[in-house]
Amino acid sequence: MIRSLVRGTGAALPRRIMKNADFEGMVETSDEWIVQRTGIRQRHIAAEDETTASLGEAAARGALANAGLTPADIDLIVLATSTPNNTFPATAVEIQNRLGMHHGFAFDMQAVCSGFVYAMATADAYLRGGLARRALVIGSETFSRILDWSDRSTCVLFGDGAGAVVLEAGEGAGTVADRGVLAASLRSDGVHKDKLYVDGGPSTTGTVGHLRMEGREVFKHAVGMITDVIEATFAEAGITADDLDWFVPHQANKRIIDASARKLGIAEEKVVVTVDLHGNTSAASVPLALSVAVADGRIKKGDLVLLEAMGGGFTWGAVLVRW
């Protein structure tokens, strides 16, 4: 059977680093308060010349270099983002052009923080269906553009960045020992929209709007929803938490990450955590964490890796990959 193999990873971060102490003159907060409640110590903030497209391009080029490939080898780009350069066309098409790629097809995917997990499952379906041979799957965000910098409950949480992977159609025996994407579970429920959303849009206010969040409500639902899709993914693949080598969760809040791992019985040393360095970068958080763990040698060929995320909507999902 066809399996979508991971050939390379890449990442890109804005030049500017904003530490927790930098907020102390802007809103009523402190480094101690932010670290205690979220685990975040710093985040990267895009400059005027750094956009979702430019960061996505840089991450894509890094993933291609890591894979030993060029844009000519790619025939599909799926970009997960909630902060596109324009309402349309898709920012994926802009990245395609920036790469000098004038063949194949490209589109954006909007599932907020779950976007990269959704994009991985979608690209996998295209590869297994024979519509593409190699895909760039990118998560790129500039959430700093939609933050209310006077709202201390949200502005301290988010950062900007991009991560990418190259997927290639290969062959497998149809067992959990295969390399590539092995299983996925995706969910959404729009009843929760008002708990995490942006209060603007072309069809409603005609403005970009700002991010609004009911933090306690999000936290209350997060662990249960995450556990739900992960257990479904385990059941599909016929594995347990003990079989995992690495757990790469969405980097929103260290307390949510820790509580989810404990509930699932995943050992702390198997959890990849980058929220302290990047903050919540929405659809970019999982590929950024992946890239860090691959670059430092933790994730190696043959490892069983679980990706997971939850985002506004609510959307949530998990993807199991044999590296």
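- Donor-acceptor pairing under 3.5 Å is lacking for the side chains of Arg7 and Asn66.
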Cut-off 3.5 Å, no hydrogens considered: what does the side-chain donor-acceptor table look like for residues 123-137, sequence neighbours left out?
residue	atom	partner	partner atom	Å
Asp124	OD1	Ser4	OG	2.7
Asp124	OD1	Arg128	NE	3.3
Asp124	OD2	Arg128	NE	3.0
Asp124	OD2	Arg128	NH2	3.3
Arg133	NH1	Ala169	O	2.5
Arg133	NH2	Ala169	O	3.4
Arg134	NE	Glu168	OE2	2.4
Arg134	NH1	Asp73	O	3.4
Arg134	NH2	Glu168	OE2	3.1

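- Atoms CG and CG, from Asp148 and Asp199 in turn, are 8.5 Å apart once rounded to the nearest 0.5 Å.
- Taking 4.5 Å as the limit, every side-chain heavy atom of Asp258 sits out of range of all side-chain heavy atoms of Glu268.
- Of all non-hydrogen atoms in Thr233 and Ala318, the two that sit nearest each other are OG1-CB, 3.6 Å.
- Nearest heavy-atom pair across Ala12 and Leu288 is O-CD2, 4.2 Å.
- Here the shortest heavy-atom pairing between Trp323 and Lys300 reads CB-O, 3.4 Å.
- Side-chain atoms of Gln251 and Val273, non-hydrogen and from C-beta on, do get closer than 4.5 Å to each other.
- Using a 4.5 Å heavy-atom threshold, the side chains of Val319 and Phe116 count as separate.
- With contacts defined as side-chain heavy-atom distances shorter than 4.5 Å, the pair Val156/Ile40 does not qualify.
- Shown are Asn20, Asn280, Asp276, Thr281; of these, the side chain to side chain donor-acceptor pair (under 3.5 Å) with Arg43 is made only by Asn20.
- Between the side chain of Ser260 and the main chain of Ile256, a donor-acceptor pair closer than 3.5 Å is present.
- Looking at heavy atoms from C-beta onward, Arg298 lies in side-chain contact with Val292 at the 4.5 angstrom threshold.
- Salt-bridge annotation for Arg15 and Asp49: present, with a side-chain N of the basic residue lying under 4.0 Å from a carboxylate O of the acidic one.
- In summary, of the residues considered (Ile226, Thr227, Asp228), a side-chain contact (heavy atoms from CB on, under 4.5 Å) with Trp316 occurs for Asp228 alone.
- Between Phe314 and Ser114, every side-chain heavy-atom pair lies at or beyond the 4.5 Å cut-off.
- Across all their heavy atoms, Arg37 and Arg255 have their closest contact at O-NE, 3.2 Å.
- Judged by distance alone, with hydrogens and angles left aside, the side-chain atoms of Gln96 form a donor-acceptor pair with the main-chain N or O of His103 at under 3.5 Å.
- Clustering ILVMFWY residues whenever any of their side-chain heavy atoms sit less than 4.5 angstrom apart, transitively, puts Phe23 in the very cluster that holds Ile146.
- Hydrophobic clustering places Val305 together with Val286 (ILVMFWY residues linked when any side-chain heavy atoms are closer than 4.5 Å, directly or through intermediates).
- Each of Thr51, Thr52, Leu99, Asn97 was checked for a side-chain contact (heavy atoms from CB on, under 4.5 Å) with Glu57, and the lone residue meeting it is Leu99.
- No side-chain donor-acceptor contact under 3.5 Å links Ser54 to the backbone of Glu50.
- Of the possible polar contacts, one joining the Thr91 side chain to the Asn85 backbone as a donor-acceptor pair under 3.5 Å is found.
- In this structure, Asp160 contributes its side chain and Ile45 its backbone to no donor-acceptor pair below 3.5 Å.
- By the 4.5 Å heavy-atom criterion applied to side chains, Gln42 and Leu277 are counted as neighbours.
- Two different hydrophobic clusters hold Leu182 and Val248 under the rule that ILVMFWY side chains link at heavy-atom gaps under 4.5 Å.
- Side-chain atoms of Ser291 never come within 3.5 Å of backbone atoms of Pro287 as a donor-acceptor pair (strictly under, hydrogens ignored).
- Atom CD of Glu171 has 12 or fewer heavy atoms from other residues, nucleotides or ligands within 6.0 Å.
- Leu244 approaches Lys270 most closely through the heavy-atom pair O-NZ, 2.8 Å.
- The main-chain N or O of Gly180 is never found under 3.5 Å from a side-chain atom of Arg322 such that the two would form a donor-acceptor pair.
- Heavy-atom minimum distance, Leu211 versus Met213: CD2-CB, 4.2 Å.
- In this structure a side-chain-to-backbone donor-acceptor pair under 3.5 Å is present from Ser30 to Trp33.
- The backbone N or O of Ala283 lies less than 3.5 Å from a partner atom in the side chain of Glu141, making a donor-acceptor pair.
- A single hydrophobic cluster is not seen to contain both Leu157 and Val35; linkage of ILVMFWY side chains at heavy-atom distances under 4.5 Å, directly or through other members, places them apart.
- A ring pair (Phe, Tyr, Trp, His ring centres under 6.0 Å) check over residues 247-298, counting only residues at least two apart or in different chains, returns nothing.
- To the nearest 0.5 angstrom, Lys195 atom NZ is 15.0 Å from Arg216 atom CZ.
- Contact of the Ser282 side chain with the Val112 side chain is registered, since non-hydrogen atoms from C-beta on lie closer than 4.5 Å.
- For the 3.5 Å distance criterion, the side chains of Asp108 and Thr81 fail to qualify, holding no donor opposite an acceptor.
- Residues Val294 and Met120 share a single hydrophobic cluster, defined by chaining ILVMFWY side chains whose heavy atoms lie under 4.5 Å apart.
- For the pair Asp194 and Arg212, the salt-bridge criterion is not met [side-chain N within less than 4.0 Å of a carboxylate O].
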